[in-house]
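Before any comments, here is the structure.
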Amino acid sequence: MHFFNYKGNELYAEDIPVRMLAEKYGTPLYIYSYKTLLRHFRAYDDAFKNYPHIICYALKANTNEAILRLLSKNGCGADIVSGGELFRALRAGISPNRIVYAGVGKTEDEIRFALGSKILMFNVESEDELREIDRIAGIMKLKAPIALRINPDIDPMTHPYISTGMKKHKFGIPIEDAIENYRFASMLKHIEVMGIHKHIGSQITEISPFVDAMKRILMLLDELTGLGFNIRCLDIGGGLGIPYFDEKPPMPRDLARKLLPLINGRRITLIMEPGRSIVGNAGILVTRMLYLKKGVGKDFIIVDAGMNDLMRPSLYDAYHHIMPVVKNRRAKITADIVGPICESGDFLAKGRRIQKVNKGEYLSVMSAGAYGMSMSSNYNSRPTVAEVMVNGKTHSLIRKRGKYNDLVKDEMLPAYLR
Ligand code: LLP
């Protein structure tokens with residue numbers, strides 16, 4: 001459910017015509033809906049309201065400060081994977097005791113930063129990392145709160161690049177080695193074992209992988225409790241999918257209905273790390289048609305947004321709906337919708353049936369709020385695009401469009417080239 005709908009022939013972001021925003025701020029332009037973001041966060045918070053829980057928004061999906069502030073003001077925590085994300089989470093006012101830190105390659109500086117910030121816990125991905133966190137916590141004379149990221153070997157039935165919880169993946173500790181690793185962790189002087197973490201993948205559209213993974217993790221939890229471990233937090237990761245095409249993913253309330261009865265009776269705080277399902281459908285990317293090019297056997301609609309602005313189609317062959325910002329009655333054509341980047345992989349859609357667009361008209365790439373801006377780059381020296389947040393009838397620029405000078409401001413010349 002989102003607030004990008006047609007009123008008559010015009011696409012609106014909440015109560016504002018998208019065309020008006022495109023004209024005012026220029027394109028390419030990311031537009032986010034405040035009400036959609038809030039609604040999605042609340043859908044999680046409400047679904048689990050009768051059970052101790054923390055929703056830790058996965059920053060990697062979108063890190064704009066306005067989005068983080070909105071979430072933080074409503075009691076949301078953060079799932080981070082780098083020092084940079086920790087910096088952003090703290091800056092947006094997210095309370096450190098609602099921050100969890102995953103990732104297979106935490107550096108010494110990042111571990112120090114997180115320890116010093118007193119985050120809720122590290123989601124540790126290997127024995128080697130445990131040793132390193134213990135060593136650094138020792139130097140800082142602290143105890144590091146940790147969960148082990150356990151790999152439950154469940155196939156989430158999603159795109160292979162965003163599947164993470166199987167034996168073949170680099171993530172987490174295999175479930176059969178879990179007890180041994182917990183024992184090891186409990187012997188380390190500067191480690192405090194407090195949780196279990198799992199995350200099996202992203203854009204999961206069935207409920208069964210969540211249920212199967214939960215069952216395996218709960219067996220482990222009971223075994224650990226039996227061995228005298230005090231496991232207080234169960235972090236079940238993110239991964240709930242969104243509709244890009246015609247998928248019908250489960251809702252947070254469906255997850256709650258299936259998962260809470262399984263947890264029944266155990267005294268733990270449940271942590272979830274949704275990213276895409278909070279911000280994905282809360283954002284669109286608006287682009288302007290530049291040229292229609294008649295190719296051999298097919299047409300190309302060339303637009304001003306490229307793979308550097310939205311990488312998902314090029315990287316995963318991901319599908320995004322592309323809608324005219326103003327509908328017309330022209331006949332439909334079939335075309336590849338491509339950007340200006342000098343790569344054949346630079347496309348937003350392939351072989352798409354779409355109403356004919358004319359030069360200067362706008363198209364909206366839907367469901368672009370997650371892993372859109374956060375994965376963008378300046379490739380081909382294209383300045384970073386602007387971002388706008390709409391709330392009802394108001395709109396605010398939440399990131400200025402980059403300038404040419406921004407592209408070079410951090411570059412330096414060796415003396416012999418000056
Ligand atoms: N927690 C952990 C440990 C993760 O690795 C991820 C995502 C999440 C939570 C959030 O998952 P979500 O709720 O967003 O599914 N760039 C890809 C997605 C990569 C996801 C990486 N990990 C895409 O554009 O589809």
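This structure is a prediction, so every number in the text was calculated from the model and none was measured. The figures here come from the full heavy-atom set of this structure, side chains too, leaving out hydrogens, waters and symmetry mates. Atoms within a ligand are numbered from 1 in the order they appear, just like the ligands themselves.
- Side-chain atoms of Asn62 come within 3.5 Å of backbone N or O of Gly369 as a donor-acceptor pair.
- Against a heavy-atom cut-off of under 4.0 Å, Arg276 is close to the following atoms of ligand 1: 12 (P), 13 (O), 14 (O), 18 (C), 23 (C), 25 (O).
- In terms of N/O distances under 3.5 Å, ligand 1 is approached by Arg312.
- Using a 3.5 Å distance cut-off with no hydrogens or angles, the side chains of Asp304 and Thr287 do pair a donor with an acceptor.
- Heavy atoms only, all atoms of each residue included: Ala92 and Ser72 are closest at O-OG, 3.0 Å.
- With Leu21 as the fixed residue, the side-chain contact (heavy atoms from CB on, under 4.5 Å) test singles out one of Val390, Val325, Val286: Val390.
- Neither the backbone nor the side chain of Leu315 has a heavy atom within less than 4.0 Å of ligand 1.
- The shortest N or O to N or O distance between Ser202 and ligand 1 is below 3.5 Å.
- With hydrogens and angles ignored, the 3.5 Å screen pairs a side-chain donor or acceptor of Arg266 with a backbone N or O of Ile263.
- In Glu273, the parts holding a heavy atom less than 4.0 Å from any atom of ligand 1 are both the side chain and the backbone.
- Taking every non-hydrogen atom of Ala58 and a distance limit under 4.0 Å, the qualifying atoms of ligand 1 come out as 8 (C), 9 (C), 10 (C).
- Side-chain rings of Tyr244 and His321 stay apart, their centers remaining 6.0 Å or farther from each other.
- Every atom of ligand 1 is numbered from 1 in the order shown, and the set under 4.0 Å from a heavy atom of Gly275 is 12 (P), 13 (O), 14 (O).
- Looking at His199 against ligand 1, only its side chain comes within 4.0 Å, counting heavy atoms.
- Neither the backbone nor the side chain of Phe171 has a heavy atom within less than 4.0 Å of ligand 1.
- Residue contacts with ligand 1: Gly239 is placed with a nitrogen or oxygen under 3.5 Å of a nitrogen or oxygen of the ligand (distance criterion only).
- Using a 3.5 Å distance cut-off with no hydrogens or angles, the side chains of Tyr44 and Ser277 do pair a donor with an acceptor.
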